[in-house]
Amino acid sequence: ICPTPPLKAALLSAEPLPTTLEEKRVPIGQTAKTITASIGVAAREAGTVDSDSLVSTADQALYAAKKAGRNRTCTCQ
């Protein structure tokens with residue numbers, strides 16, 4: 001959730017994160033696991049009424065990322 005930057009800037013900042021996380025192997029006990037992440041990106045727009053609306057928009061984008069195949073970044077415009 002980015003209250004100030006434009007949506008495109010927030011998206012550009014978030015897009016590399018799923019790939020970066022997936023490339024890291026996390027040791028768990030005797031094995032190493034891969035971590036994946038789905039990220040929903042939202043930015044405060046002129047019509048954003050309050051912080052709850054911003055969180056709701058980010059949440060919708062998160063579920064869009066999961067539905068699109070997981071381990072990706074999406075916006076909900």
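Remember, predicted model here, so these are calculated numbers, not experimental data. Below, each value reflects all heavy atoms present in this structure, side chains not excepted, and no hydrogens, waters or symmetry copies.
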Task: Closest contact, heavy atoms only, R25 versus T34 - done: NH1-OG1, 2.6 Å
Task: T73 vs V41, side chain to side chain contact (heavy atoms under 4.5 Å, CB included): CA-CA, chis, key distance, verdict - done: CA-CA 7 Å; T73 304; V41 178; 3.5 Å; yes
TODO: Please report the closest heavy-atom contact between C74 and A61, naming both atoms and the distance.
DONE: O-CB, 3.4 Å
TODO: Any chance you could lay out the side chain to side chain contact (heavy atoms under 4.5 Å, CB included) test for I28 and V26, step after step, and finish with the verdict?
DONE: CA-CA 6 Å; I28 300 174; V26 178; 4.3 Å; yes
Task: Check: D52 main-chain N/O paired with S56 side-chain donor or acceptor under 3.5 Å - done: no
Open item on the list: With a 4.5 Å cut-off on side-chain heavy-atom distances among I, L, V, M, F, W and Y, is there a chain of contacts connecting L54 to Y63?
Closed with: no
Open item on the list: I need the minimum non-hydrogen distance between T75 and L11, along with the two atoms involved.
Closed with: CG2-CD1, 3.8 Å
Task: Separation of K67 NZ from R72 CZ (nearest 0.5 Å) - done: 13.0 Å
Open item on the list: Quick check: closest heavy atoms across S38 and A65, and the distance to 0.1 Å?
Closed with: CB-CB, 4.0 Å
Open item on the list: Given 3.5 Å as the limit, does a donor-acceptor pair link the side chain of N71 with the main chain of T36, or not?
Closed with: no
Task: ILVMFWY cluster, L21 and L62 together (side-chain gap under 4.5 Å) - done: no
- [ ] Answer yes if the side chains of D50 and S53 hold a donor-acceptor pair under 3.5 Å, and no otherwise.
- [x] yes
Open item on the list: Working to the nearest 0.5 angstrom, can you tell me the gap between E15 CD and L17 CG?
Closed with: 10.0 Å
Task: Closest approach of P16 to L12 (non-hydrogen atoms, all atoms of both residues) - done: CD-O, 3.4 Å
